[in-house]
Amino acid sequence: MPNALMQFADPADVALGGVLGEALTANSLGRLSRFIVDEHSPAIALFHPKHREQNYEGDWYGEHAGKWLYAAARAAHRSGDRDLRENVLRVANFLVGVQTPEGYLGTYALERRFTRKQQPPLRTWDGAPSLRTWDIWTHSYLILGLLEVHKYFPDAKYVGAASRIGELCWRALTLGEIDITELGNHFGMSATVLLDPAVELYFATGDKLYLELATRIVEQAEARPELRLISQALAGADAAEIATGKAYQLCWNLVGLAKLHRATGDERYATVVTRLWHSIREHHLTLGGGPWGGVGHRSREVFNHPSVFSPHAYVETCSILAWLQLNRELLTITGEARYAEEIERTAYNDLLGAAAPDGEDWCYYQSPNGKRVHTTYWRCCKSSGAMALEELSAIAYAKHGQNLCVNLLGPGHATLTNEAAGRVRLEQVTNYPFDGRVRLRVDPERPASFSLRVRIPSWVGRVEATINGASIPGIGAGEFLTVNREWRSGDELILNVPLQPKIHQRASFSVQESRAPDGAPIAQEVMHYDYLALTHGPLVFATTLIDEFKSAETLLMQRDSLEQAVEVVNAQSGPELRLHSQGRKPLTFTPYFATGGRQDGAWRLTWMQVSWS
């Protein structure tokens with residue numbers, strides 16, 4: 001992997017428009033401004049010393065403090081919202097004030113803290129600890145939240161409080177002889193997520209103690225037979241085979257490993273991350289880019305076997321956050337277009353598909369075929385969704401060396417710096433993702449030569465591009481279009497990215513395997529159902545209840561004329577797709593995220609079962 005890291009834009013220098021911009025505005029005015037406002041908000045009152053001294057319950061609820069600090073600090077910095085900024089600082093100051101001298105900043109009574117050695121865990125399906133707490137998990141998010149506050153509103157006390165947590169963790173895992181894999185379920189993966197904030201502490205302070213902490217976590221993860229994250233991945237294990245295959249925790253662990261690769265240069269970590277990224281990308285994502293699982297499993301959040309397909313599988317919004325962050329890290333390290341494309345695909349489909357227009361309500365789970373259900377006040381996914389949205393502004397535009405990069409297509413603008421050109425404003429005028437014409441205006445502070453790199457989607461066929469009216473030849477799909485020239489204020493790069501409907505086919509099947517008396521292998525298919533789904537450019541499309549009451553329908557289709565079965569209709573709200581089948585009226589499909597008006601209880605049907613004539 002190359003040494004030059006991609007540097008994302010400052011969120012305050014980016015303004016996203018269109019549907020992503022609308023979601024960010026709703027996020028700031030909704031969840032981030034209403035869920036937590038001060039130390040008396042229920043999610044923060046958990047940390048009051050009088051409460052935690054008597055708290056022997058609580059599960060993951062303490063996580064909301066760190067998640068909210070992370071997202072709200074970004075949003076306040078990005079938007080310049082003074083009230084939100086004051087709320088962030090008030091909550092951060094309160095948390096720093098209730099931290100114990102030794103560094104503890106959780107929600108639990110003394111006997112249930114991660115610093116106390118507990119009985120070895122009983123044997124359970126998910127390797128849950130003997131004493132159920134989410135203490136190390138909560139502290140992991142607190143470190144990330146405090147460091148994010150310090151990043152945008154610098155104050156030594158915030159990084160100091162985060163560092164004291166890291167030091168407490170180091171003492172517990174070394175002097176305290178505590179095994180981190182016994183502190184979290186999924187055979188420790190819910191605790192080894194500490195790897196991410198441990199490396200972030202090293203980045204923030206330069207103190208190698210936190211690299212040693214990260215290394216200690218990796219060593220203990222390798223020693224847990226059911227986990228063995230490094231060795232199993234290097235041996236070619238699928239993502240579903242690592243511990244329980246829990247999507248959220250596994251992706252978050254990989255975020256930490258990617259950062260540890262950045263910090264140490266150890267190629268083993270890079271190999272583990274990229275191998276498991278490929279496993280997830282090829283076998284464990286919905287058409288809309290969200291990690292899915294839960295079919296025939298007691299957990300809705302665990303990856304299925306790679307051969308399993310079901311239109312009713314679950315996507316947890318928390319796993320969308322971790323998947324976005326994993327692609328963010330790989331994009332940082334490699335600068336490769338495929339990681340930006342995965343972020344865009346997930347953002348425009350499953351992330352927006354989980355968010356309600358009010359910026360407060362979110363789905364805990366989504367299914368490609370299922371009813372939209374908004375989750376309750378305390379649920380983790382509401383805070384994860386808010387975090388995921390706040391990742392997008394910075395990722396959309398970046399520098400790679402002195403190259404300026406457009407990672408996400410869509411209306412909006414950003415200002416980046418270049419040594420020769422000074423401040424350079426990039427503005428996209430477009431109706432993408434509903435339309436494929438993008439007009440990119442480039443306004444450098446002074447004329448200068450530099451490279452502008454614009455990501456071209458992999459799903460596109462022929463792309464046309466001009467610079468000030470002159471054609472650009474040789475444009476490749478799934479890559480960055482690089483234009484190296486002397487740029488002057490008012491220069492315009494125009495892309496025409498044709499948005500064509502595409503039919504995707506999958507099958508749900510079961511194969512019985514055995515051997516004949518002579519030892520020859522036998523494989524007999526005992527169940528098979530064919531499905532198809534529709535995309536248009538980066539967007540997945542879905543329909544509502546069929547005939548206003550059916551949640552499923554089998555369509556009779558001609559296999560040799562599938563492409564002619566889809567009709568694009570330009571409606572006032574954007575493109576619609578009509579799917580023609582034999583013997584019934586056409587079905588109308590709209591963008592998945594918007595199908596049913598994004599209302600609680602609305603049905604979205606993405607995959608249609610088909611029979612072939």
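Heads up: numbering here begins at 1 and tracks the sequence.
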Chemist: Counting neighbours of CD on Gln564 that are heavy atoms of other residues, nucleotides or ligands and sit closer than 6.0 Å, is the number greater than 12?
Modeler: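 Counting neighbours around CD of Gln564, more than 12 heavy atoms of other residues, nucleotides or ligands fall under 6.0 Å, so yes.
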Chemist: Looking at Lys550, I want to see if its NZ is surrounded by more than 12 non-hydrogen atoms of other residues, nucleotides or ligands under 6.0 Å.
Modeler: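 Check passes, neighbour count above 12.
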Chemist: Between Leu250 and Thr244, is a side-chain contact (heavy atoms from CB on, under 4.5 Å) present by the stated rule, with each step listed?
Modeler: CA-CA 9 Å; Leu250 178 57; Thr244 62; over 6 Å; no
Chemist: Please confirm whether the backbone N or O of Leu409 pairs with a side-chain atom of Glu344, one donor and one acceptor, at under 3.5 Å?
Modeler: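 Looks like yes, one N/O pair under 3.5 Å.
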Chemist: At their closest point, which heavy atom of Ala552 faces which heavy atom of Ile546, and how far apart are they?
Modeler: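 Smallest interatomic distance, heavy atoms only, reads C-CD1, 4.2 Å.
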Chemist: Show your working on ring pair (Phe, Tyr, Trp, His ring centres under 6.0 Å) between Trp292 and Phe309 and close with a plain yes or no.
Modeler: CA-CA 10 Å; Trp292 69 349; Phe309 167 79; 5.7 Å; yes
Chemist: Ala237 and Leu276: which non-hydrogen atoms are nearest, and at how many Å?
Modeler: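 In terms of heavy atoms, the two residues are closest at O-CD2, 3.7 Å.
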Chemist: Arg338 and Glu341: salt bridge (charged side-chain N to carboxylate O under 4.0 Å, His left out), yes or no, with the steps?
Modeler: CA-CA 5 Å; Arg338 57 182 170 175; Glu341 178 157 306; over 6 Å; no
Chemist: Just wondering, more than 12 heavy atoms not from Tyr314 lying within 6.0 Å of its OH?
Modeler: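 No, because the 6.0 Å sphere around OH of Tyr314 holds 12 heavy atoms or fewer from other groups.
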Chemist: Can Trp277 and Asn327 be counted as having a side-chain donor-acceptor contact under 3.5 angstrom?
Modeler: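 Trp277 vs Asn327: donor-acceptor pair found between side chains.
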Chemist: Taking atom types as modelled and ignoring hydrogens, do the side chains of Ser471 and Thr466 form a donor-acceptor contact shorter than 3.5 angstrom?
Modeler: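 Note: Ser471 and Thr466 side chains miss the donor-acceptor criterion.
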Chemist: With distance as the sole test, does Thr606 use its side chain to make a donor-acceptor pair with the main-chain N or O of Ala542 at under 3.5 Å?
Modeler: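 Not confirmed, Thr606 side chain does not pair with Ala542 backbone.
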Chemist: Determine whether a donor-acceptor pair (N or O, by modelled atom type, separation under 3.5 Å) exists between the side chain of Thr535 and the backbone of Leu539.
Modeler: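 Between the backbone of Leu539 and the side chain of Thr535 there is no qualifying donor-acceptor contact (under 3.5 Å).
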Chemist: Side chains of Val569 and Pro575: closer than 4.5 Å at any heavy-atom pair?
Modeler: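 Sidechains of Pro575 and Val569: no contact.
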Chemist: Tell me if a side-chain donor or acceptor on Asp350 pairs with a main-chain N or O of Gly290 at a distance below 3.5 Å.
Modeler: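 Looks like yes, one N/O pair under 3.5 Å.
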Chemist: Between Glu329 and Tyr339, is there a side-chain donor-acceptor contact under 3.5 Å, judged purely by atom types and distance?
Modeler: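 Glu329 and Tyr339 do not have a side-chain donor-acceptor pair below 3.5 Å.
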Chemist: For the side chain to side chain donor-acceptor pair (under 3.5 Å) test, which of Lys67, Arg31, Glu63 pairs with Ser383?
Modeler: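 Among Lys67, Arg31, Glu63, the one meeting side chain to side chain donor-acceptor pair (under 3.5 Å) with Ser383 is Arg31.
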Chemist: Look at the side chain of Arg455 and the backbone N and O of Asn407, then say whether any donor-acceptor pair between them is shorter than 3.5 Å.
Modeler: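 Pair found, side chain donor or acceptor close to backbone of Asn407.
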Chemist: Answer with yes or no whether the side chains of Glu241 and Gln232 bring together a donor and an acceptor at under 3.5 Å.
Modeler: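 No, because no side-chain N or O of Gln232 sits under 3.5 Å from a partner of the opposite role on Glu241.
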Chemist: Looking at Asp361, is its backbone amide N or carbonyl O close enough to the side chain of Asp600 to form a donor-acceptor pair, meaning the two atoms are under 3.5 Å apart?
Modeler: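 Pair absent, no side-chain N/O of Asp600 close to backbone of Asp361.
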Chemist: So, taking the atom named CG in Leu227 and the one named CE in Met189, what distance separates them when rounded to the nearest 0.5 Å?
Modeler: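 One gets 6.5 Å once the value is rounded to the nearest 0.5 Å.
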Chemist: Shortest non-hydrogen contact from Met6 to Cys405?
Modeler: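 Closest heavy-atom pair between Met6 and Cys405: CE-SG, 4.0 Å.
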Chemist: Just how far is it from atom CD of Glu567 to atom OG1 of Thr588, taken to the nearest 0.5 Å?
Modeler: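 Here the interatomic distance stands at 9.0 Å.
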Chemist: Would you mind reporting whether Val273 and Leu326 have side-chain heavy atoms less than 4.5 Å apart?
Modeler: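 A side-chain contact under 4.5 Å exists here.
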Chemist: Keeping Asn27 on the side-chain end and Ala386 on the backbone end, is there a donor-acceptor pair under 3.5 Å?
Modeler: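 The answer is yes, because a donor-acceptor pair under 3.5 Å joins these two groups.
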Chemist: Evaluate the side-chain contact (heavy atoms from CB on, under 4.5 Å) criterion for residues His413 and Leu426: first the C-alpha distance (whole Å), next the side-chain angles of each, then the deciding distance (0.1 Å), finally the verdict.
Modeler: CA-CA 5 Å; His413 59 83; Leu426 304 175; over 6 Å; no
Chemist: If only atom types and distance count, is the side chain of Thr430 paired as donor or acceptor with the main-chain N or O of Arg437 below 3.5 Å?
Modeler: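 At least one qualifying donor-acceptor pair exists.
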Chemist: For the pair Arg439 and Glu492, find out whether any cationic side-chain nitrogen is under 4.0 Å from an anionic carboxylate oxygen.
Modeler: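 Answer for the salt bridge query: yes.
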Chemist: Working to the nearest 0.5 Å, report the span between CD of Glu342 and CG of Leu324.
Modeler: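 So the CD of Glu342 and the CG of Leu324 are separated by 10.0 Å.
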Chemist: Report the C-alpha separation of Ser508 and Ser310 in whole Å, then their side-chain angles, then the decisive distance to 0.1 Å, and conclude whether the side-chain contact (heavy atoms from CB on, under 4.5 Å) test is met.
Modeler: CA-CA 6 Å; Ser508 175; Ser310 170; 5.6 Å; no
Chemist: Please check if atom CZ in Phe434 has more than 12 non-hydrogen atoms from other residues, nucleotides or ligands closer than 6.0 Å.
Modeler: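 More than 12 within 6.0 Å, yes.
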Chemist: Are any of the side-chain heavy atoms of Ser613 and Met557 separated by less than 4.5 Å?
Modeler: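 When only atoms from C-beta onward are counted, Met557 and Ser613 do not touch, as no gap falls below 4.5 Å.
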Chemist: Ring pair (Phe, Tyr, Trp, His ring centres under 6.0 Å), that's the test. Do Tyr141 and Trp68 meet it? Break it down for me.
Modeler: CA-CA 9 Å; Tyr141 270 121; Trp68 180 84; over 10 Å; no
Chemist: Can a donor-acceptor pair be found between the side chains of Gln428 and Arg441 at a distance below 3.5 Å?
Modeler: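 No, because no side-chain N or O of Gln428 sits under 3.5 Å from a partner of the opposite role on Arg441.
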Chemist: How about Leu20 and Tyr348: do any of their side-chain heavy atoms sit closer than 4.5 Å?
Modeler: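 Answer yes - side chains close enough.
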Chemist: Using modelled atom types only, decide if a donor and an acceptor are shared between the side chain of Arg598 and the backbone of Ala355 within a distance under 3.5 Å.
Modeler: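 Yes; at least one donor-acceptor contact below 3.5 Å.
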Chemist: Determine whether more than 12 heavy atoms belonging to other residues, nucleotides or ligands lie under 6.0 Å from atom CZ of Arg506.
Modeler: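 Counting other residues, nucleotides and ligands, CZ of Arg506 exceeds 12 neighbours.
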Chemist: Thinking salt bridges, do Lys502 and Glu563 make one under a 4.0 Å N-O criterion?
Modeler: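 Looking at Lys502 and Glu563, the cut-off is not met.
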Chemist: Quick one, Glu360 and His374 - any side-chain contact, counting heavy atoms below 4.5 Å?
Modeler: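 The answer is no, as the side chains (C-beta and beyond) never meet within the 4.5 Å cut-off.
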Chemist: Closest approach of Val14 and Arg78, non-hydrogen atoms and distance?
Modeler: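 Between these two residues, the closest heavy atoms are O-CG, 4.5 Å.
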Chemist: Taking the six-membered ring for Trp, are Trp137 and Tyr248 ring centroids under 6.0 Å apart?
Modeler: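 Yes, the ring of Trp137 comes within the 6.0 Å limit of the ring of Tyr248, centre to centre.
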Chemist: Out of curiosity, Thr346 OG1 to Leu352 CG, how far, rounded to the nearest 0.5 Å?
Modeler: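 Answer for the OG1-CG pair, Thr346 versus Leu352, is 10.5 Å.
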Chemist: Would you call the rings of Tyr61 and Trp378 parallel, tilted or perpendicular, where under 30° means parallel and over 60° means perpendicular?
Modeler: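 If you compare the ring of Tyr61 with that of Trp378, the planes turn out tilted.
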Chemist: Is the closest side-chain heavy-atom distance between Lys382 and Thr375 below 4.5 Å?
Modeler: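 Yes, close enough: below the 4.5 Å cut-off.
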Chemist: Which value, rounded to the nearest 0.5 Å, describes the distance between Leu532 atom CG and Leu562 atom CG?
Modeler: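 So the gap between those two atoms works out to 6.5 Å.
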Chemist: So do Trp323 and Leu351 actually touch side chain to side chain, heavy atoms under 4.5 Å?
Modeler: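 With C-beta onward as the side chain, the pair stays apart.
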Chemist: Passes side-chain contact (heavy atoms from CB on, under 4.5 Å), Trp607 versus Leu287? Steps please.
Modeler: CA-CA 10 Å; Trp607 291 96; Leu287 197 56; 4.2 Å; yes
Chemist: Regarding Asn304 and His283, do their side chains bring together a donor and an acceptor under 3.5 Å, going by distance alone?
Modeler: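 The criterion, which ignores hydrogens and geometry beyond distance, is not satisfied for His283 and Asn304.
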Chemist: Decide ring pair (Phe, Tyr, Trp, His ring centres under 6.0 Å) for His536 and Trp459; before the verdict, give the C-alpha distance in whole Å, the side-chain angles of both, and the deciding distance to 0.1 Å.
Modeler: CA-CA 10 Å; His536 186 253; Trp459 41 259; 8.8 Å; no
Chemist: Could you verify whether a donor N or O on one side chain and an acceptor N or O on the other, from Ser190 and Gln249, lie under 3.5 Å apart?
Modeler: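 Looking only at side-chain atoms, Gln249 and Ser190 do form a donor-acceptor pair, the distance falling under 3.5 Å.
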Chemist: For Glu316 versus Cys381, what's the shortest heavy-atom pair and its separation?
Modeler: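 Heavy atoms of Glu316 and Cys381 come nearest at CG-SG, 3.5 Å.
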Chemist: Which atom pair, heavy atoms only, marks the closest approach of Ala465 to Ile475?
Modeler: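 Result for this residue pair: CB-CD1, 3.3 Å.
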Chemist: What I want to check is whether the side chains of His580 and Arg578 have a donor and an acceptor closer together than 3.5 Å.
Modeler: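 There is no such pair (donor and acceptor under 3.5 Å, judged by atom type) between the side chains of His580 and Arg578.
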Chemist: Is any side-chain heavy atom of Phe593 less than 4.5 Å from a side-chain heavy atom of Val540?
Modeler: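 Not in contact.
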Chemist: Strictly distance-based, threshold 3.5 Å: is any side-chain N or O of His312 a donor or acceptor partner for the main-chain N or O of Asn369?
Modeler: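 The answer is yes, because a donor-acceptor pair under 3.5 Å joins these two groups.
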